[in-house]
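Just so we're on the same page: letters track the sequence lines, and every chain starts at 1.
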Amino acid sequence: MAVSYNHRAIELKWRKNWEEHPVNVDDGKKPKYYCLDMFPYPSGSGLHVGHWRGYVISDVWSRYKMMQGYYLIHPMGWDAFGLPAENYAIKMGIHPAISTAQNVANIKKQINDIAAIYDWDREVNTTDPDFYKWTQWIFVKMFKEGLAYEKEFPINWCPSCKTGLANEEVVNGCCERCGASVTKKNLRQWMLRITKYADRLLNDLDKLDWPEKVKKMQSDWIGKSYGAEVEFPVEGREEKITVYTTRPDTLYGATFMVLAPEHALAASLATEETKEAVEKYIYDASMKSNVDRLQDKEKTGVFTGTYAVNPLNGAKVPIWLSDYVLADYGTGAIMCVPAHDDRDFEFAKKFDIPIIQVIAKDGKEIENMTEAYTDAVGTMINSGEWNGMESAVLKKEAPHIIEERGLGRATVNYKLRDWVFSRQRYWGEPIPIIHCPHCGNVPVPEEELPLRLPEVESYEPTGTGESPLAAIDEWVNCKCPVCGADAKRETNTMPQWAGSSWYFLRYVDNKNDKELVSKEKADKYLPVDMYIGGVEHAVLHLLYSRFYTKFLYDIGAVDFDEPFHKLFNQGMINGKNGIKMSKSKGNVVSPDDLVRDYGCDSLRMYELFVGPPELDAEWDDRGIDGVYRFLNRFWKLAMDSKEANVAETKEMVKLRHKSVYDITQRLENFSLNTVISGFMEYNNKMTDLAKTSGGIDKETIETFIRMLAPFAPHIAEELWEAYGHTDSVFHTSWPEADQEAMKDDELEIPVQINGKTKTVIMVPADISKEDAIARGKEALGNKLNGTIVKEIYVPKKIVNIVQK
RNA sequence: GCCGCUGUGGCGGAAUUGGCAGACGCACUUGACUCAAAAUCAAGCGGGUAACACCGUGCCGGUUCGAGUCCGGCCAGCGGCACCA
C-alpha cells in the first residue's frame, strides 16, 4: 500500500517527544480524573488485538478527559501472583519471580506500542514485597477485627491445581482456572467474613454507575431472601427440627420434610427398619462430587421412618433425606409443600406423598395437579384460620405470625458464603499468622511486614492440603511474637484476588512505606472515576474489591466506601466465526504486524471502529484499510487546505459546529464506533466543500485535528505542528459547539402519503404548519387523488397527508 | 428450569429514541490514470422493475397518520444462575 503520510516516522517522532515533554501534568489546580484499566496478568504469550481494545478505549477516554482540563490518573501494573508462573516454575525450575519479570518486560513493550499515556511512575506489581506488605497488612487488620478466621470444613478442592477454591471460583462444578471437576475436601481454611458485608454490598449497588447486568449478577450472587425459620417438633422425641422457608404462607400445605444428608440429625432419625437404607444414602451422598450432584436430574431420597409435627395444625409429616436439600444453606432442612414448589412436587410424585393445595389458582382448587402452582397469587384454602386471605399478603405477614406464636422467627438468608481465602500453593502472599501452642493464632506484628515469601526447593503442590512452604522447616519454625514460645508459621498463601482487591488504591501513592496510601493523596486522587475491563470479573474481583474498600473505610484507612464510581465492560474480540482467540486454535491476531504496516493510529481507530465497544466483535484484518484510507485522506485535505489558505465560509462554520456537537455527543454516549464513522462522515463532507472552494479554512481543520487527537494522537500532533503550533495539541481544550452557528436556515423534509414517503421538499427551518402542509401538497401534485382525512406536520421532521 | 441481552444487505454495523431504513466502512462491479498491476480518483452496490409501482429490519398479531423502535404471543442465538426451599 502506498504511503501518503509516513506513519512510522511520525509515530517515532512523537513518542520521543512525549517522553521528553509529558502532556499529562499535575499543576495542583486541575481537578483529577482517575481512569483505570483492569491490570493484566503478565502471561508469557503476550497481547493480542483483543487486549488492545480495552486499553485503547481507556486511553481515548483518558485523553478526552485530559483535554477537558483534568489531571489524569491513568496507571498500569501487574497482577503477577498466580498459577501459570508457578506451573512454569514446576516444569522448568525457573523461579516464578524471574519468569514473571521477563513477561512483564515483554508486555510492557507491547503496551507501549498502544501509545497510551500511562504514568509508569505509578506502576505496581502485586508480587513486590513493598506491595504485598500492605496486602498482608490488610489481612492482619481483618484478623484483628474478627473478619479473618480459621475453620475446618469440606471446601471446594481442585484436584488438578491441588488447592482449595472460593465459591466464586467454581463454575458449573468445575475449576474456574483449569476446568477440572471440583471435589470436596475437608480442610482447615482461612476464611474472610464477607457475609458480614452482604447487606452493604447489596444496598450500595444503588450508588454505582455500573452496567445493570453486573449489578444484577452481584445482587443475584448475594442472593438475599426473606422468610421464616419454623420449628417442627419430632414425634416421640425431644428434638425440634428448624426449617427455613420463603413461603411460610404455605405452611398448611407441608406434607413432608426433607433434611440434607449431611444434616447433624440425619443419621439419628433412622429407625430399626430404616437404619441400613438411611446410612447407605448418607454414605452415597458423601461420595458424590459436585458435578455428579448437579447432573443427577432425577430426585433421590430415603424415608427416615420418623415423623415431625406441623406446629400450626399438628399434622404428622414424614421426615425424608435427600441431596436436593443443601446442607449449607438456611438450616439444611426444609418443609415441603409439593402443591406450590416444583422440586417438592417432583419428589412427592416420585415417592407418592400427598399433595395439599393451599392457594386457589384462578379462584379454585386444581383437579389432578400436573405441576406445582408456584405463584403467590390467590386466596388461601385448606389453611384453617388463614382461609380467605390473599397469599401475597400472608407471605409477608406469616413470618411475624409465626414469631408471635412462638413457632419460629422471621429471618433473612443469603446465598453469599464466606470467602475461602487460603491456597495450598507457593506463588502467593504468605498469610501472616503464627500458630502458637499457648496463644493460639497470633498475627505477625505489623512492623515485621512484609513477611517475605521464602525460596523453596520444590514448587510442586503436595496435594495433601499442605502448601510447599510447609516443607521449609527453618521458615515454618519461629517464635511466638507474644509469649516467645516455639511456634509455627501458617504455610498457606493468599488467593490471586488478594492483591487485585486493593491495588487501585496503591497507584496514587505507590512508594509510601509508612501507609497503604496517605490520607492526603487518597483525598486528592481517589476513588476511581472510570474502571474499564472485561465482564468476567463481575462476581469475583469486583465483589472482592468492594468488600475490601468497605473494610478499609470502616477502619479509617480511606474515606469512601465504594472503589469504582463508573464501570465499563468492553466486549471481547474473537477470531473468524466468533471463535475465541487462543493459541491452541491458532487464530490469534497479533497487533505487532498491524502497527508496523498501518501504524498505531490506524490500529487504535480500527479497534474502536470494529463495533460497539460493549459488544463482542469479530476481528477482520481487512477492515483496517478503511481507517487507514481515512487518515490518509484527512492528511491530504489538511495539507492541501493549509496550502490553499482559504477564508471560512458559512458552510464551513456550520459544518465545524455540527461536527463538534455530533462527535462530542457520540463520545459522551460512549458510542466510540460511531465517533469514528462520524469522523469519516465529516471528512467526506469537508472534502466535498473543498472541491468548490479549493480547501477548508484553518479553524475548521484545526478543530477537527483537536477532536481527532485522543483517537489518533500522533497524526494529530504532527498536523497540529504543521499548522504552526509549537505546543502539544493536548494542551488545547476539547472544542465546544455553538448551537446557534450550526442551525440550518433550510431543511429537507420528507413528504408522505399515509405514512409512506413520496418526495422531499426544502423548506425554511421556521416554516409554519400551514405553509409546510401547503408546500407538501404542492410537491405531491397529482399523487394526491383521494379525500384528505388528516394533515400532519411535525416541525423539522415530516409532512404526512392522510387520504382515503 | 429461572433471569438478562441480541436478532437490520454478501460482511462489520448506523438510525438524534415513534418520523426518508441501510449512515460509515469492508468486499464486490464499472470507469479514469497505467504498457500492465498496485495505489489513488470517479460512479454503482437490499430485493424487484425497461423505468415506475411494489416488497423489505427473526416469525405472527396489535396500537398509531406513521413501527427497526411501543404492546401481546412465539422462534433462534449468546450470556449469567443453576435443586438457595
Trainee: With a non-hydrogen cut-off below 4.0 angstrom, is A:Arg666 in contact with a base, only sugar-phosphate, or nothing?
Mentor: nothing
Trainee: Determine the contact category for A:Asp662: base if any of its heavy atoms lies under 4.0 Å from a base atom, sugar-phosphate if only primed atoms, P, OP1 or OP2 are that close, otherwise nothing.
Mentor: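 Nothing: the residue A:Asp662, judged by heavy atoms under 4.0 Å, touches no strand.
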Trainee: Could you check how far NZ of A:Lys415 sits from C1' of B:A82, rounded to whole Å?
Mentor: 8 Å
Trainee: So what does A:Lys685 hit on the nucleic acid, given a heavy-atom distance under 4.0 Å: a base, only sugar-phosphate, or nothing?
Mentor: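 It contacts nothing in the nucleic acid.
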Trainee: Can you label the angle between the A:Tyr329 ring and the A:Tyr244 ring as parallel, tilted or perpendicular, going by 30° and 60°?
Mentor: perpendicular
Trainee: Of the nucleotides B:G25, B:A82, B:C65, which one has an atom closest to the side chain of A:Trp221?
Mentor: B:A82
Trainee: Could you check whether A:Glu298 pairs with A:Lys350 (Lys NZ or Arg NE/NH1/NH2 to Asp/Glu carboxylate O, under 4.0 Å)?
Mentor: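 Yes, charged N to carboxylate O under 4.0 Å.
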Trainee: B:A85 phosphate, OP1 or OP2: any side-chain N/O from A:Ser225 under 4.0 angstrom?
Mentor: yes
Trainee: Rounded off to whole Å, could you give me the CG-to-P distance for the A:Leu672 and B:G25 pair?
Mentor: 18 Å
Trainee: Choose from B:G19, B:G25, B:C26 the nucleotide whose nearest atom is closest to any side-chain atom of A:Arg633.
Mentor: B:G25
Trainee: Students often get this wrong, so: under 4.0 angstrom with heavy atoms, is A:Lys215 touching a base, only sugar-phosphate, or nothing?
Mentor: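 No contact.
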Trainee: Using a heavy-atom cut-off of 4.0 Å across all strands, would you classify A:Asn800 as base, sugar-phosphate, or nothing?
Mentor: base
Trainee: Give a yes/no on whether any side-chain N or O of A:Tyr329 is located under 4.0 angstrom from OP1 or OP2 of B:A85.
Mentor: yes
Trainee: Can you confirm if the NZ or CZ of A:Lys685 lies within 45° of the ring axis of A:Tyr682 and under 6.0 Å from the centre of its six-membered ring?
Mentor: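 Yes, A:Lys685 sits over the ring of A:Tyr682.
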Trainee: Verify the contact: side-chain N or O of A:Lys691 to OP1 or OP2 of B:A42, cut-off strictly under 4.0 Å; return yes or no.
Mentor: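 Affirmative; the distance criterion is met.
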Trainee: Looking at B:G25, B:A27, B:A15, which one has an atom nearest to any side-chain atom of A:Thr674?
Mentor: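 So the side chain of A:Thr674 is nearest to B:A15.
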Trainee: Under 4.0 Å, heavy atoms only, any strand: does A:Val610 hit a base, just the sugar-phosphate, or nothing?
Mentor: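 Sugar-phosphate contact only - A:Val610 comes under 4.0 Å of backbone atoms but never of a base.
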Trainee: Whole angstroms only, please: what is the CG-P distance between A:Asn683 and B:A23?
Mentor: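 Going from A:Asn683 (CG) to B:A23 (P), I get 17 Å.
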Trainee: Categorize A:Asn673 for me: base, sugar-phosphate, or nothing, with a 4.0 angstrom heavy-atom threshold over every strand shown.
Mentor: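 It contacts sugar-phosphate atoms only.
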Trainee: Would you say A:Arg629 reaches B:G25's phosphate, i.e. side-chain N/O to OP1/OP2 under 4.0 Å?
Mentor: no
Trainee: Base, sugar-phosphate or nothing for A:Gln752? Non-hydrogen atoms, less than 4.0 Å.
Mentor: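 Base: the residue A:Gln752, judged by heavy atoms under 4.0 Å, touches a nucleobase.
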Trainee: Run the numbers on A:Lys215 and A:Asp206 for salt bridge (charged side-chain N to carboxylate O under 4.0 Å, His left out), then give the verdict.
Mentor: CA-CA 9 Å; A:Lys215 290 204 216 180; A:Asp206 289 342; 5.6 Å; no
Trainee: Should the pair A:Phe609 and A:Tyr606 be assigned to parallel (<30°), tilted (30 to 60°) or perpendicular (>60°) ring geometry?
Mentor: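 Tilted.
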Trainee: Please confirm whether any donor atom in the side chain of A:Glu748 sits under 3.5 Å from an acceptor in the base of B:C20, or the reverse.
Mentor: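 Flag set: donor-acceptor pair detected.
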